[in-house]
Amino acid sequence: MSTKVLPKSFYNRKVHTVARDLIGCRLLHKGVGGIIVETEAYNREDPACHAACGLTERNRAMFGSPGRAYVYFTYGM
């Protein structure tokens, strides 16, 4: 299986398109990872989006350049 890094332009598209196209991609960090089997996507205007309330220290990655990861812990999981 070949490994290629997706260009930043891949992420600089509508969030729902990017989420759909990430399904089946391999995510690797320092040799550890797996296949993406599920994604979620929210527009900034959606009240369920963590960016809807504006920039905070917690969601800072969401306001950066395309291709950054926003990872959060779901309490109780």
Side-chain angles (χ1 to χ4, degrees):
M1 182 179 290
S2 69
T3 301
K4 78 174 189 180
V5 176
L6 295 171
K8 294 231 181 209
S9 60
F10 174 89
Y11 303 99
N12 196 16
R13 303 179 292 150
K14 293 187 181 283
V15 295
H16 295 97
T17 302
V18 173
R20 182 179 53 246
D21 290 349
L22 282 171
I23 302 294
C25 289
R26 282 182 24 188
L27 177 65
L28 295 174
H29 179 71
K30 297 182 180 179
V32 178
I35 305 294
I36 298 173
V37 297
E38 182 179 1
T39 60
E40 291 186 17
Y42 302 91
N43 289 321
R44 187 180 291 178
E45 296 78 26
D46 185 329
C49 179
H50 289 180
C53 64
L55 176 66
T56 67
E57 190 58 38
R58 181 179 96 167
N59 69 13
R60 183 171 301 283
M62 298 174 88
F63 291 86
S65 59
R68 294 171 175 251
Y70 172 69
V71 180
Y72 65 97
F73 179 73
T74 303
Y75 292 105
M77 299 303 284

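Just one of Tyr70, Tyr72, Tyr42 meets the side-chain hydrogen bond (donor to acceptor under 3.5 Å, both in side chains) condition when paired with His50; it is Tyr70.
Residues Ala61 and Ala69 approach most closely at CB-O, 3.6 Å, considering heavy atoms. The shortest non-hydrogen separation linking Ala41 to Ala19 is CB-CB, 3.7 Å. In terms of heavy atoms, Arg44 sits closest to Ala51 at CG-O, 3.8 Å. When all heavy atoms are compared, the tightest approach of Tyr11 to Val18 is O-CG2, 3.8 Å. When all heavy atoms of Ser65 and Lys8 are compared, the closest pair comes out as OG-NZ, 4.2 Å.
Asn43 places no side-chain N or O within donor-acceptor distance of the main-chain N or O of Glu45, the cut-off being under 3.5 Å. Within the 3.5 Å criterion, the main-chain N or O of Gly54 finds a donor-acceptor partner in the side chain of Asn59.
Residues passing the salt bridge (Lys or Arg N to Asp or Glu O under 4.0 Å) test with Asp21, sequence neighbours excluded: Arg13.
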Would you list the atom pairs, donor with acceptor, under 3.5 Å between side chains in residues 27-37 and any protein atom, with sequence neighbours excluded?
none

Please evaluate residues Arg20 and Thr39 with respect to the criterion side chain to side chain contact (heavy atoms under 4.5 Å, CB included), reporting the C-alpha separation (whole Å), side-chain torsions for both, the decisive distance (0.1 Å), and the verdict. CA-CA 7 Å; Arg20 182 179 53 246; Thr39 60; over 6 Å; no
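Note that the CZ atom of Arg26 and the NZ atom of Lys4 stand 12.5 Å from one another [nearest 0.5 Å].
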